[in-house]
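None of these values were measured; they are calculated from a predicted model. Throughout, a chain's letter reflects where its sequence line sits, starting with A, and its residues are numbered from 1.
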Amino acid sequence: MPELPEVETIKNELAPLVTGRRIKSVDFLWAKTLVSPSIPEFDARVTGKLVKSLERRGKYLIFNLDSGDSLLVHLRMTGSFLSGTGKSVPSGHTRAVIRLDDGICMYFIDPRKFGKFQLVDDLRVKALDKLGPEPMAASFTSAVLIKLLEGRKGPIKAALVDQEFIAGIGNMYADEILFESGLNPLRPSDSLAAEEMKRLYKAIKQVLKRAIENKGASISNYFRPGGEKGTAHEGFKVAHRKGDCPVCGGPIKRIVVRQRGTYFCPVCQA
DNA sequence: CACTTTGTTTCCAC
DNA sequence: TGTGGAAACAAAGT
C-alpha cells in the first residue's frame, strides 16, 4: 500500500531507468486511470517528450517532462510500477504502459484501480497545493509539528492521516508512529504535553526513515520496480497485526477511528 | 454476502 | 467562514 516510504522507493529505483529517456507512447488499459486531460490531448502532449526528472510529493510520483508538463501519478492503496522490456504485460492488473525509447517500459499495476494519472502544465495544482509539509524534509522541525498540533481538535490519529496536515502518511504508518510514541490514537491532538509532542516528532522521522531504508512495506500488493518486495512491514509492531504486543505481550486492540481500522496496544499506548 | 482496505469527496452541524 | 465528523464512493479480495 503505497505511502511515503513506498513512493519514495519507487521514485529512487525508477529514476535511473527513466530520466533522460523519451516517451514513445502511453497506453491505458483502464480508461479511468487517466483523469485529465482527454486521451488524445494527453497523447499529443506526452509522445516524444523527454523525462527530465522524477520527484515525489506526498503520495504523488511526478514525471517532469522537457516540455514543462508534468505527469502526476497518485499512488493509492495498491498502485506500483514494474519495469520491463515491453514484450508482454507482466500482470493482469496492469492499468497503463509507459513505453520509452530503447525498449524500456514501465507498467503501472494497480489491482484496485484507485490510482490516477493526471497531466498538468504547472505543479501548482490543487492536489499538490493542499498537501501538508513533507515530514522527511529538513524544514519539518519539531517546532513545525507543535505549531500544527496546537488548537487542532480531534484524535491525533486523524491528524496524522490527514494529507493536509502532513503529506504522505497513511493508515499503517500512522499506527506505527503512534505505537512508537506511546500515544493513544484517540488522544486529542491539542492535548499532548511538550514531551509527548517531542516523542511524536521523533517517531515520525524514525518510522519513516527506517521504512525507506527497508524499501517500503509489502503488505498486500506493493512491490518495487524490479519486482522485489520491501521489507519494512517485517518490523511493524502493531499495524495490521493480529497477535500480541511485541513489547508488553498484551493483546493488540483494533478500534475504528474516522472509519479506519486502527491497531494499537492499550497498555503501551495508554 | 458482508466486511475490509485507503484516500477523496460530499454533505451536514456547529 | 472554517472546522470537523460522518457517510458515500471507488474496486477487488477474503
Side-chain angles (χ1 to χ4, degrees), chain A residues 1-10 28-36 56-62 72-81 91-96 108-118 120 125-135 147-178 185-192 207-208 211 216-223 229-230 232-233 236 238-243 252-264:
Chain A
M1 355 192 119
E3 298 179 23
L4 189 153
E6 289 76 38
V7 184
E8 182 72 14
T9 302
I10 292 172
F28 291 98
L29 283 63
W30 174 248
K32 289 184 183 173
T33 294
L34 179 65
V35 288
S36 70
R56 179 196 60 73
R57 288 200 208 166
K59 304 175 189 179
Y60 289 83
L61 187 61
I62 305 172
L72 307 190
V73 179
H74 188 185
L75 293 158
R76 191 172 153 199
M77 269 293 265
T78 56
S80 46
F81 276 93
S91 153
H93 295 309
T94 305
R95 307 305 176 198
F108 177 61
I109 296 163
D110 187 20
R112 306 241 175 123
K113 301 174 174 171
F114 287 165
K116 299 289 178 217
F117 280 36
Q118 185 179 357
V120 298
V125 290
K126 208 173 83 176
L128 299 179
D129 274 350
K130 286 190 348 189
L131 291 176
E134 285 289 335
K147 190 97 185 190
L148 285 173
L149 287 169
E150 76 183 4
R152 170 137 191 153
K153 310 283 178 198
I156 181 66
K157 161 92 188 246
L160 289 179
V161 298
D162 181 349
Q163 302 301 295
E164 298 179 34
F165 181 78
I166 301 183
I169 296 173
N171 209 33
M172 64 183 175
Y173 287 112
D175 283 355
E176 286 303 305
I177 286 165
L178 288 171
L186 292 173
R187 285 282 300 280
S189 303
D190 61 1
S191 77
L192 304 192
V207 166
L208 295 178
S218 284
I219 286 182
S220 74
N221 297 283
Y222 164 77
F223 43 83
K229 295 184 168 228
H233 54 293
F236 281 2
V238 289
H240 293 272
R241 283 177 56 121
K242 296 268 139 61
I252 289 172
K253 205 175 163 193
R254 180 186 181 277
I255 58 172
V256 174
V257 180
R258 283 282 233 281
Q259 300 32 300
R260 297 293 168 258
T262 297
Y263 297 85
F264 75 110

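Ranked by how close their nearest DNA chain C nucleotide is to the 5' end, A:Gln259 and A:Lys153 are led by A:Lys153. Residue A:Arg258 is the one, among A:Arg258 and A:Lys116, whose nearest nucleotide of DNA chain C lies closer to the 5' end (criterion: closest heavy atom).
Between C:dA10 and A:His74, no contact under 4.0 Å exists linking OP1 or OP2 to a side-chain N or O. For C:dA12, one of the phosphate oxygens OP1 or OP2 lies less than 4.0 angstrom from a side-chain nitrogen or oxygen of A:Lys113. For A:Lys32 and C:dA11, the shortest distance from a side-chain N or O to OP1 or OP2 is below 4.0 Å. Within the structure, every side-chain polar atom (N or O) of A:Tyr173 is placed at least 4.0 Å from both OP1 and OP2 of B:dT6. Remark: A:Arg112 is not in phosphate contact with C:dT14, judged by side-chain N or O atoms under 4.0 Å from OP1 or OP2.
Atom NZ of A:Lys157 and atom P of C:dG4 are 18 Å apart (whole Å). Between the CD1 atom of A:Ile255 and the C1' atom of B:dT4 there is a distance of 16 Å, rounded to whole Å. Regarding A:Phe165, its CZ atom lies at a distance of 16 Å from the P atom of B:dT8, rounded to whole Å. Summarising the geometry, the separation between CZ on A:Arg95 and P on C:dA11 is reported as 10 Å, rounded to the nearest angstrom. Rounded to whole Å, atom C1' of B:dT5 lies 15 Å from atom CD of A:Glu6. Atom CD of A:Glu164 is separated from atom P of C:dG5 by 14 Å (rounded to the nearest Å). Computed from coordinates, the A:Arg76 CZ to B:dT5 P distance equals 16 Å when rounded to whole Å. Atom CG in A:Leu29 sits roughly 16 Å away from atom P in C:dA11 (whole-Å rounding).
A side-chain donor from one of A:Tyr173 and A:Glu6 sits under 3.5 Å from a side-chain acceptor of the other.
Counting heavy-atom neighbours within 6.0 Å of A:Lys253 NZ, excluding the residue itself, gives a total of 12 or less.
At the heavy-atom level, A:Pro155 lies under 4.0 Å from the strands shown only through sugar-phosphate atoms. Within 4.0 Å (heavy atoms only), A:Tyr263 reaches sugar-phosphate atoms of the nucleic acid but no base atom. Here A:Gln163 lies in heavy-atom contact (under 4.0 Å) with sugar-phosphate atoms only.
Looking at A:Arg152, its side chain has no donor and acceptor atom pair within 3.5 Å of the base of C:dT3.
With respect to A:Asn171, the side chain to side chain donor-acceptor pair (under 3.5 Å) criterion is satisfied by exactly one of A:Glu176, A:Glu3, A:Lys157, A:Arg260: A:Lys157. For the pairing with A:Tyr222, the side chain to side chain contact (heavy atoms under 4.5 Å, CB included) check across A:Val7, A:Ile10, A:Ile109 returns one residue only, A:Ile10.
By the 5.5 angstrom centroid cut-off and the 30-degree plane limit, A:Phe114 is classified as not stacked against the base of C:dA11.
Set against C:dA6, C:dA12, B:dT4, the side chain of A:Arg254 has B:dT4 as its closest nucleotide. In the set B:dT9, B:dT8, B:dT4, B:dT9 carries the atom at the smallest distance from any side-chain atom of A:Lys130.
Partners of A:Lys147 according to the salt bridge (charged side-chain N to carboxylate O under 4.0 Å, His left out) rule, which considers only residues two or more places apart in sequence or in another chain, do not exist here.
The closest donor-acceptor contact from the side chain of A:Arg152 to the backbone of A:Pro188 lies at 3.5 Å or more, if one exists at all.
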